[in-house]
**Q** 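Got a structure for you, written out below as structure tokens; questions coming shortly.
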Protein chains: 2
Amino acid sequence: MLTFVEENYLKAIYHLSIESNDKVTTNSIAAQIQTTPGSVTEMIKKLSTKKLIKHEKYQGVILTEEGKKVALGIIRKHRLWEVFLVNKLAFAWDEVHEIAEQLEHIQSDKLIEKLDKFLGHPTTDPHGDPIPDVNGKIKQLKKYSISELGIGEGGILIAVKKSNPELLRYLDKLGIVIGEKIKVMDIIEFDGSMQINFNKKLLIISSEIAKNLLIQKAY
Amino acid sequence: MLTFVEENYLKAIYHLSIESNDKVTTNSIAAQIQTTPGSVTEMIKKLSTKKLIKHEKYQGVILTEEGKKVALGIIRKHRLWEVFLVNKLAFAWDEVHEIAEQLEHIQSDKLIEKLDKFLGHPTTDPHGDPIPDVNGKIKQLKKYSISELGIGEGGILIAVKKSNPELLRYLDKLGIVIGEKIKVMDIIEFDGSMQINFNKKLLIISSEIAKNLLIQKAY
DNA sequence: AAATAAATTTAGAGTTATCAAAATTTAAAT
DNA sequence: ATTTAAATTTTGATAACTCTAAATTTATTT
Ligand SMILES: [Mn+2]
Ligand SMILES: [Mn+2]
Ligand SMILES: [Mn+2]
Ligand SMILES: [Mn+2]
């Protein structure tokens, strides 16, 4: 049985490993979890002896198969609870992440099975992120940030990179929601901001916002 | 902000104070929480400095108004989650207590408000226990254990004293459910077991079971 | 190739909660 | 009123996690 803290470390390492496609560094973990490098090193030792991660001194860590399975289990719980909060309790999508951070640690396999059924076996959470299945299988469909696109390119908005409440509320304000068509109309060289066509409306977004909008390319 | 452990102590002290109508002893807390008297004394000091309980050395503790409010808030959460688990996720009534023990510590006032609304503002949990309102008001209608009754007396079964899974499953087996009429038909002097009329069926129950069946007297 | 900078680990110490066992106080029995 | 028993508190030690600051290793400049 893992502690609350151990679970959070595994989840953080998983997320960082997806971003970097490589070994995860001590400092990046410290930044993600908002703790100090010294604490991270301590926990790395612990998770290593439990064979949840592999670690060579000064060389960063990677999750073992077992560690990855645990991490995906927590992410599954997190995202299912987010669906519950939005679809059943009528929370806004920017309010649910913090609460799900707590709910993801509730221990009961049966609870998650029943919750999944109650929600109608959803495949994505309110921010467009895929929900791993019971066995930890996750459908990672290739996502492109619109900041990588050129003029005239576009697709369907499927997710938002960071579930930051301020970001999500701003998107609400602009009328940007998941599932609609988005297309790059112009790129302003000066600051990288973009003119986009979202659902037949023209909008200007900063490069910082653009980075956070993830699409599935339309063929 | 209280820790998980502090919350559990306050809840335990509240429950014990209801049973005893008096100061709660160190040993009874230790038994309830399944810990040692030494640990209880340590925590008593901590909760006293936080003014959540009052304590005189060797004389037991009582909750302050603030402590009572906190305890009732946790009980409110516990019982609302139990309703959710039974009514929405189709758990059996003997399966929910353990999970609610975890869920009761999730911190979010808004979550509980919304959950309460989603459940239709229930007034009792699946075991018949009253749910405190947002302000900590609890409708403690007078409950009588049928073990205190004489032959011919009875009422409506409104609650079960202990939410012990084995007990609850046995009651299921006997067909004993909350909300139906119950009446004492005979008392066997030898071991205190009782013959009861439950919902027009005759049943024999041990004195141990009888103690746990709580009724509201019919007038 | 040295020197400097950055990242990582180690060392030492603090917090919260736990336990077993000893010491103290209160309650019960003789 | 003593003695004995029971309840409670204190003491000393441990576990999990945290921090700051010093020491070490690796990476980057010059
Ligand atoms: Mn989230
Ligand atoms: Mn978390
Ligand atoms: Mn319960
Ligand atoms: Mn609890």
Side-chain angles (χ1 to χ4, degrees), chain A residues 1-13 16-17 19-63 67 70-71 74 101-102 104-107, chain B residues 1-13 16-17 19-63 67 70-71 74 101-102 104-107:
Chain A
M1 195 85 302
L2 299 175
T3 69
F4 185 97
V5 175
E6 290 170 327
E7 288 191 344
N8 278 344
Y9 269 90
L10 290 174
K11 196 180 62 146
I13 293 167
L16 291 167
S17 74
E19 280 178 35
S20 69
N21 286 310
D22 200 18
K23 282 174 190 158
V24 176
T25 65
T26 301
N27 267 10
S28 68
I29 298 169
Q32 176 90 356
I33 299 204
Q34 307 227 60
T35 184
T36 58
S39 300
V40 173
T41 301
E42 292 297 310
M43 183 55 79
I44 282 174
K45 285 181 196 160
K46 202 178 162 197
L47 295 173
S48 290
T49 61
K50 291 192 176 185
K51 300 210 189 289
L52 295 165
I53 60 177
K54 290 203 76 160
H55 177 231
E56 283 169 87
K57 267 195 180 180
Y58 293 97
Q59 301 303 321
V61 300
I62 49 170
L63 291 170
V70 173
I74 298 158
E101 283 292 306
Q102 299 180 59
E104 72 189 9
H105 301 288
I106 302 292
Q107 306 277 6
Chain B
M1 195 86 302
L2 299 175
T3 68
F4 186 96
V5 175
E6 290 170 329
E7 288 191 344
N8 278 344
Y9 269 91
L10 290 174
K11 195 180 62 146
I13 293 167
L16 291 167
S17 74
E19 280 177 35
S20 69
N21 286 312
D22 201 16
K23 283 175 188 156
V24 176
T25 66
T26 301
N27 267 11
S28 67
I29 297 170
Q32 175 90 355
I33 299 204
Q34 307 226 59
T35 186
T36 58
S39 299
V40 173
T41 301
E42 293 297 311
M43 185 55 80
I44 282 174
K45 284 180 196 162
K46 202 178 162 197
L47 294 173
S48 290
T49 60
K50 290 192 177 186
K51 301 208 188 290
L52 295 164
I53 59 177
K54 288 203 76 162
H55 177 232
E56 283 170 87
K57 269 195 180 181
Y58 293 98
Q59 301 303 322
V61 300
I62 49 169
L63 290 170
V70 172
I74 298 158
E101 283 292 305
Q102 298 180 61
E104 73 190 8
H105 301 288
I106 301 292
Q107 306 276 6

**Q** Side chain to side chain donor-acceptor pair (under 3.5 Å) with Lys11(B): which of His105(B), Gln32(B), Glu101(B)?
**A** Glu101(B)
**Q** Using the closest heavy atom to pick a nucleotide of DNA chain D for each, name whichever of Gly38(B) or Phe4(A) lands nearer the 5' end.
**A** Gly38(B)
**Q** Taking only N and O in the side chain of Tyr9(B), is any of them less than 4.0 Å away from OP1 or OP2 of dT18(C)?
**A**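 Tyr9(B) to dT18(C) OP1/OP2: side-chain N or O found under 4.0 Å.
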**Q** With a 4.0 Å limit, can you tell me whether Thr26(B) has a side-chain N or O closer than that to the phosphate oxygens OP1/OP2 of dT9(D)?
**A** yes
**Q** Send over the distance from Glu42(B) CD to dG12(D) P, rounded to a whole Å.
**A** 12 Å
**Q** Write down the distance between CD (Gln59(A)) and C1' (dA6(C)), rounded to a whole number of angstrom.
**A**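 Atom CD in Gln59(A) sits about 14 Å away from atom C1' in dA6(C).
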**Q** So, OP1 or OP2 of dC19(C): does either fall under 4.0 Å of a side-chain N or O from Thr35(B)?
**A** yes
**Q** If you define the side chain from C-beta out and look only at heavy atoms, does anything of Asn8(B) sit under 4.5 Å from Glu104(B)?
**A** yes
**Q** Please report the distance, rounded to the nearest Å, between CG in Asp22(A) and P in dA7(C).
**A** 16 Å
**Q** Between Ile44(B) (CD1) and dT10(D) (P), how many Å, whole number?
**A** 10 Å
**Q** Has Ser20(B) got a side-chain atom pairing as donor or acceptor with Leu16(B)'s backbone, closer than 3.5 angstrom?
**A**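 Judged by distance alone, yes, a pair lies under 3.5 Å.
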**Q** Between Thr36(A) and dC19(D), is there a contact of a side-chain N or O with OP1 or OP2 at under 4.0 Å?
**A**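 Checking Thr36(A) against dC19(D): at least one side-chain N or O falls below 4.0 Å of OP1 or OP2.
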**Q** Rounding to a whole Å, what distance do you find between Asn8(B):CG and dT18(C):P?
**A**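 Answer to the nearest Å: 9 Å.
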**Q** Please state whether the phosphate of dA6(D), meaning OP1 or OP2, lies under 4.0 angstrom from any side-chain nitrogen or oxygen of Asn27(B).
**A** no
**Q** Rounded to the nearest 0.5 Å, what separates atom NE2 in His55(A) from atom NZ in Lys23(A)?
**A**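 One gets 10.0 Å once the value is rounded to the nearest 0.5 Å.
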**Q** Could you tell me whether the phosphate oxygens of dT9(C), OP1 or OP2, come under 4.0 Å of any side-chain nitrogen or oxygen in Lys45(A)?
**A**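 Answer no for this pair, as no side-chain N or O of Lys45(A) is under 4.0 Å from OP1 or OP2.
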**Q** Taking NZ in Lys54(B) as the centre, count heavy atoms belonging to other residues, nucleotides or ligands within less than 6.0 Å. Is the count above 12?
**A**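 Counting other residues, nucleotides and ligands, NZ of Lys54(B) stays at 12 neighbours or fewer.
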**Q** Would you please confirm or rule out a distance under 4.0 Å between OP1 or OP2 of dT9(C) and any side-chain N or O of His55(A)?
**A**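 Yes, because at least one side-chain N or O of His55(A) sits under 4.0 Å from OP1 or OP2 of dT9(C).
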**Q** Should Lys57(B) be listed as having a side-chain N or O under 4.0 Å from OP1 or OP2 of dT26(C)?
**A** no
**Q** Measure the distance from CE on Met43(A) to P on dA15(D) and round it to the nearest whole Å.
**A**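 Atom CE in Met43(A) sits about 16 Å away from atom P in dA15(D).
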**Q** When the nearest nucleotide of DNA chain D is assigned to Val24(B) and to Pro37(A) on a heavy-atom basis, which residue is associated with the more 5' position?
**A**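 Counting from the 5' end, the first nearest nucleotide belongs to Val24(B).
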**Q** Provide, to the nearest angstrom, the distance between the CG atom belonging to Leu47(A) and the P atom belonging to dT9(C).
**A**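 Atom-to-atom, Leu47(A) to dT9(C), this comes out as 13 Å.
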**Q** Does the side chain of Ser39(A) get closer than 4.0 angstrom to OP1 or OP2 of dC19(D) through an N or O atom?
**A** yes
**Q** Rounded to the nearest angstrom, tell me the gap between atom CD in Glu56(A) and atom P in dT26(D).
**A**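 Computing the Glu56(A):CD to dT26(D):P distance gives 11 Å.
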